[in-house]
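Structure record follows, encoded as structure tokens.
Residues: numbered from 1 along the sequence shown.
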Amino acid sequence: MTREERVRAALEGKEVDHVPVAAWMHLSEFDQDPISLAEAEVELTEKYDFDYIKMMPFGLYSTQDFGNQITIYCDPYKEPIVKRFAIQAPADYDTLKAIPAIMGTYGKQFEFARELSKRRTPGTPIIQTIFSPFSTLKKMAGDRLLTDMINFPEAVHHALAAITATTIDFVHYNIDAGVDGFFFATQNASRNVMNLKEFEEFGEFYDLQVINSYVKKTWFNPAHIHGNDVYFNEIAEYPINCINWHDRHTWPSLKEARELTDKCLLAGIKSAPYFVDGVLQYDDIILNGTPEEITAHVKDAINQVEGRGLILGPGCVVNPKAPEENLLALRKAVEL
């Protein structure tokens with residue numbers, strides 16, 4: 001099977017010659033230059049013979065053009081951080097306006113998609129990373145958003161509408177650039193962030209507008225649910241064909257998820273970041289495990305769903321310090 005045939009078969013729950021697999025990580029040394037990032041993504045994919053490319057624009061890209069001030073290091077082990085939030089007061093939400101997603105930092109990610117589409121090995125699926133509108137706004141406001149949405153809901157809705165329109169514009173440009181789908185990442189579909197009513201009002205309402213703008217035009221469309229105690233069933237009802245979440249850290253497990261939905265599951269690899277006293281840490285088998293442990297880990301994931309309807313990938317993101325031998329072991333494990 002080709003890479004595309006393998007991924008398409010997994011999405012449809014059909015038999016595959018081996019379970020599709022890929023790992024992704026932040027490429028902070030390259031992610032400020034579209035061509036360099038595209039080249040780095042292709043190099044990573046071909047070095048380990050991965051089956052698809054989950055594109056890795058830097059995590060704050062959707063905020064900079066709206067006014068976030070960002071410190072950028074271009075260091076392979078140091079990701080960009082917010083220096084000053086765009087939202088400093090409730091009135092700032094009302095100043096946000098939809099912007100053309102072909103200019104500024106958004107435009108650089110469109111160029112990244114176009115360059116990657118040209119450079120990838122033919123038949124290698126590529127999916128662009130986009131964030132839920134609420135996730136983008138929280139990166140622009142910080143934790144104050146969680147109280148502002150209660151105290152100033154109209155202002156927050158105004159901002160979310162502007163971000164939604166911009167994200168949809170960005171989607172259209174990426175489809176033109178040749179991506180095969182979108183990795184829709186939500187960082188607020190969690191009971192630790194908001195209750196179900198709040199999620200439906202401030203999350204789902206805008207999520208669906210974005211997702212509906214591309215699902216009939218693309219074929220590989222996972223949704224990523226970040227964090228613990230997640231709204232798995234609610235996201236599973238979205239019109240996406242694949243679900244990614246921290247399956248090794250929170251409910252449901254792969255086996256439990258298969259009982260809840262017949263959609264493809266993109267999961268299985270224990271790799272997720274977390275903060276301890278403000279310091280980023282990773283619970284990551286690809287970083288800290290042995291090749292033998294990784295092989296057993298992969299086999300366990302495959303066995304949980306009997307090898308059907310599964311695409312192997314990290315629950316969140318692999319540490320860029322992960323050793324080469326472990327990434328090789330991950331790829332080899334699906335054929336043992």
Side-chain angles (χ1 to χ4, degrees), residues 55 57-70 80-110 112-113 127-175 179 181-190 193-194 198-215 221 223-227 231 234-235 238-240:
M55 297 168 64
F58 75 103
L60 293 169
Y61 84 85
S62 62
T63 71
Q64 193 169 27
D65 295 331
F66 285 112
N68 252 17
Q69 190 174 1
I70 298 171
I81 61 172
V82 177
K83 183 177 181 180
R84 186 177 189 274
F85 288 120
I87 304 298
Q88 294 289 313
D92 293 334
Y93 295 109
D94 289 316
T95 66
L96 291 189
K97 296 180 180 179
I99 54 179
I102 199 170
M103 301 172 63
T105 304
Y106 273 106
K108 288 173 67 174
Q109 312 321 312
F110 161 66
F112 166 38
I127 49 177
Q128 176 66 285
T129 300
I130 57 175
F131 295 98
S132 72
F134 193 93
S135 298
T136 290
L137 187 56
K138 189 169 186 297
K139 293 177 182 182
M140 296 164 54
D143 289 340
R144 67 169 300 141
L145 177 58
L146 302 178
T147 53
D148 285 346
M149 70 182 185
I150 297 171
N151 297 324
F152 307 98
E154 291 185 4
V156 169
H157 278 301
H158 172 89
L160 288 170
I163 294 169
T164 299
T166 303
T167 306
I168 291 172
D169 195 43
F170 182 64
V171 160
H172 293 157
Y173 284 117
N174 276 268
I175 292 173
V179 304
F182 295 89
F183 187 93
F184 181 89
T186 174
Q187 298 171 328
N188 58 284
S190 166
V193 178
M194 55 176 63
E198 291 167 341
F199 170 70
E200 291 171 345
E201 178 180 352
F202 294 98
E204 181 179 356
F205 178 78
Y206 298 98
D207 293 351
L208 292 176
Q209 292 179 52
V210 174
I211 293 170
N212 283 325
S213 74
Y214 62 77
V215 288
N221 295 306
H224 168 69
I225 320 172
H226 187 82
Y231 291 117
E234 288 73 14
I235 297 296
Y238 281 14
I240 43 96

Any residue meeting salt bridge (Lys or Arg N to Asp or Glu O under 4.0 Å) with Asp148, in chain and number order, not counting sequence neighbours
Arg144

Of all residues at least two apart in sequence or in a different chain, which pass the salt bridge (Lys or Arg N to Asp or Glu O under 4.0 Å) check with Lys108?
none

Quick test of your reading: applying side chain to side chain donor-acceptor pair (under 3.5 Å), list the pairs with at least one residue in residues 129-139, sequence neighbours left out, ordered by first then second residue.
Lys54-Thr129, Ser62-Thr136, Ser132-Ser135, Ser132-Asn188, Ser135-Asn188, Lys138-Asp143

Can you list everything that forms a ring pair (Phe, Tyr, Trp, His ring centres under 6.0 Å) with [X]? Sequence neighbours excluded, please.
X      : answer
Phe152 : none
Tyr106 : Tyr61, Phe170
Tyr238 : none
Phe58  : none

Test side-chain contact (heavy atoms from CB on, under 4.5 Å) applied to [X] - qualifying residues, sequence neighbours left out:
X      : answer
Ile102 : Phe110, Tyr173
His172 : Ile168, Ser213, Lys217
Glu201 : His157

Those residues that, when tested against Gln128, pass side-chain hydrogen bond (donor to acceptor under 3.5 Å, both in side chains) (two or more places apart)
Asn174

Donor-acceptor pairs under 3.5 angstrom involving side-chain atoms of residues 82-92: please list them, not counting sequence neighbours.
unit_1	atom_1	unit_2	atom_2	d
Gln88	NE2	Phe85	O	2.8
Asp92	OD2	Gln88	N	2.7
Asp92	OD2	Ala89	N	2.9

Quick one: are the ring centres of Phe183 and His224 less than 6.0 Å apart?
yes

